[in-house]
Colleague: 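Here it is, the structure, as structure tokens.
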There are 2 protein chains.
Amino acid sequence: MKLPASTEWVLHCATTLAQLEPGATASAAQLAEYYDVPAPYLAKQLQALVRAGVLAAMTGPRGGFRLARAASDITLLQIVEAVDGASSPYECREIRQQGRGALPPEDCRRICVLAEKMAEAHAAWRSSLAGVTLADILAELPPTAPARTRSRISAIR
Amino acid sequence: MKLPASTEWVLHCATTLAQLEPGATASAAQLAEYYDVPAPYLAKQLQALVRAGVLAAMTGPRGGFRLARAASDITLLQIVEAVDGASSPYECREIRQQGRGALPPEDCRRICVLAEKMAEAHAAWRSSLAGVTLADILAELPPTAPARTRSRISAIR
């Protein structure tokens with residue numbers, strides 16, 4: 001059960017964008033160089049964040065990505081699920097209905113209790129990430145972080 | 001982020017073993033036929049449960065697997081982690097320390113706040129599964145389930 005490396009990329013890129021001046025953007029190429037990750041693949045992930053309403057893609061000479069909403073309105077769950085999907089890591093394939101022990105369909109109208117407990121665990125994971133916004137993350141960074149981030153990202157133009 | 005199909009197998013097999021008479025066992029071959037899953041691969045998973053102290057493997061003419069502890073002392077977390085490991089699905093590769101935005105090592109003595117929040121979510125998932133025992137699962141099955149399970153599994157001898 002592993003999340004891809006790109007999960008770390010998008011969490012950090014969103015945190016970086018949250019530190020820019022209001023209205024400022026950063027391109028996929030800038031963010032890729034900022035974190036030394038592959039630009040084409042990162043661009044795909046950033047587009048997924050746009051589709052999820054987390055980022056906005058601005059075109060034109062000052063084009064690039066910025067947050068689509070206030071940092072206090074973007075949760076880690078929204079970022080993670082934008083690129084990794086929202087489905088539970090546990091997939092119930094209904095093995096209770098197969099083999100010599102197969103239960104008849106009329107005994108399987110309710111969700112399997114094991115699947116239910118695994119779904120509850122996934123809900124607890126989601127709830128934990130839904131309780132953390134980008135604003136919460138920024139609040140835990142050193143006070144000098146935004147100025148440093150802006151300076152470093154703009155040096156990449 | 002997916003758990004393998006075998007996660008469902010071991011959860012169901014442990015639930016089945018929890019319904020046998022005290023001291024009774026079922027073999028990997030029986031359990032494989034009971035759920036119509038591949039016996040050699042299931043046997044490997046059951047051995048992992050033995051190594052984790054969830055199941056006991058009995059040798060001899062009445063050999064096979066049984067619970068190593070009371071059903072009330074075995075949690076879903078122990079079963080899942082016996083076969084899938086206990087590591088978080090999120091892997092922090094410290095991208096904050098690479099690229100043009102790289103933070104110096106002295107600013108990275110504390111865990112990355114994003115990794116910390118992802119770890120908290122994993123802890124919430126683990127805590128949810130640690131709160132459910134096999135006895136809790138049995139309590140939610142129909143009262144007729146154990147007798148049916150025993151009869152079906154012993155018919156496979």
Side-chain angles (χ1 to χ4, degrees), chain A residues 1-5 7-9 11-12 15-16 30 32-37 76-77 80 84-85 87-96 98-103 107 112-118 120-129 132 136-137 140-142 148-149 152-153 155-156, chain B residues 1-5 7-9 11-12 15-16 30 32-37 76-77 80 84-85 87-96 98-103 107 112-118 120-129 132 136-137 140-142 148-149 152-153 155-156:
Chain A
M1 181 170 74
K2 284 293 161 201
L3 288 162
T7 307
E8 185 182 8
W9 305 354
L11 285 169
H12 278 274
T15 302
T16 296
Q30 278 178 299
E33 205 170 323
Y34 191 85
Y35 286 115
D36 191 21
V37 298
L76 298 195
L77 183 68
V80 170
D84 297 312
S87 65
S88 168
Y90 180 77
E91 290 183 84
C92 173
R93 293 172 178 83
E94 290 285 333
I95 70 166
R96 64 178 174 166
Q98 68 187 41
R100 295 277 292 274
L103 290 168
D107 289 353
C112 171
V113 61
L114 291 165
E116 184 177 54
K117 299 303 179 187
M118 294 302 289
E120 284 172 11
H122 186 57
W125 184 85
R126 297 186 77 240
S127 176
S128 178
L129 292 180
V132 184
D136 297 327
I137 297 296
E140 299 207 33
L141 299 182
R148 180 188 186 279
T149 299
R152 295 253 169 162
I153 203 98
I156 305 175
Chain B
M1 181 171 73
K2 284 293 160 201
L3 289 163
T7 308
E8 185 183 5
W9 304 355
L11 285 169
H12 277 274
T15 303
T16 295
Q30 278 179 299
E33 204 170 323
Y34 191 85
Y35 285 116
D36 191 21
V37 298
L76 298 195
L77 183 68
V80 170
D84 297 313
S87 65
S88 168
Y90 180 77
E91 289 183 85
C92 173
R93 293 171 177 83
E94 289 286 334
I95 71 166
R96 64 179 174 165
Q98 67 187 42
R100 294 279 291 277
L103 290 169
D107 289 354
C112 171
V113 60
L114 291 165
E116 185 176 53
K117 299 302 179 188
M118 294 301 288
E120 285 172 10
H122 186 56
W125 183 86
R126 296 186 78 242
S127 177
S128 179
L129 293 181
V132 184
D136 297 328
I137 298 296
E140 298 206 33
L141 299 182
R148 180 187 186 280
T149 299
R152 294 253 170 164
I153 206 93
I156 303 176

Colleague: Only pairs of heavy atoms separated by less than 4.5 Å count here; which of A:Ile153, A:Leu129, A:Asp84, A:Leu141 has the most with chain B?
Modeller: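 Top option by heavy-atom pairs under 4.5 Å: A:Leu129.
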
Colleague: In terms of heavy-atom proximity below 4.5 Å to chain A, should B:Thr15 be classed as side chain, backbone, both, or neither?
Modeller: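 Only the side chain of B:Thr15 comes within 4.5 Å of chain A.
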
Colleague: Is it the backbone or the side chain of B:Arg126 that comes under 4.5 Å from a heavy atom of chain A, or both, or neither?
Modeller: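 Neither part.
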
Colleague: Check each atom of B:Gln30 against the heavy atoms of chain A and say whether the ones under 4.5 Å are side chain, backbone, both or neither.
Modeller: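 Answer is neither: B:Gln30 stays 4.5 Å or more from chain A.
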
Colleague: I want to check something: taking the side chain as every heavy atom from C-beta on, are A:Ser128 and B:His122 in contact at a cut-off of under 4.5 Å?
Modeller: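 No, too far: nothing below the 4.5 Å cut-off.
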
Colleague: So what's closer than 4.5 Å to chain A heavy atoms on B:Arg152: side chain, backbone, both or neither?
Modeller: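 Answer is side chain: those atoms of B:Arg152 sit under 4.5 Å from chain A.
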
Colleague: Do you know which two heavy atoms are closest between A:Ile95 and B:Tyr35, and how far apart they sit?
Modeller: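 Heavy-atom minimum between the residues: O-CD2, 3.5 Å.
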
Colleague: Given the options B:Val113, B:Asp36, B:Leu114, which has more heavy-atom pairs under 4.5 Å with chain A than any of the others?
Modeller: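 Sorted descending by pairs with chain A, the first entry is B:Leu114.
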
Colleague: Tell me, do B:Val80 and A:Met118 make a side-chain contact under 4.5 Å, heavy atoms counted?
Modeller: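 B:Val80 vs A:Met118: side chains touch.
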
Colleague: Side chain, backbone, both or neither: which part of B:Ala115 has a non-hydrogen atom closer than 4.5 Å to chain A?
Modeller: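 Contact with chain A: none, neither part.
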
Colleague: Please identify, among A:Leu103, A:Leu77, A:Asp107, the residue contributing the most non-hydrogen atom pairs under 4.5 Å to chain B.
Modeller: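 Looking at each of A:Leu103, A:Leu77, A:Asp107 in turn, A:Leu103 comes out on top.
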
Colleague: Taking the basic N atoms (NZ, or NE/NH1/NH2) and the acidic carboxylate oxygens, is any pair closer than 4.0 Å for A:Glu8 and B:Arg96?
Modeller: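 Result for this pair is no, no salt bridge flagged.
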
Colleague: For B:Leu76, is it the side chain, the backbone, both or neither that has a heavy atom under 4.5 Å from a heavy atom of chain A?
Modeller: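 Interface part for B:Leu76: side chain.
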
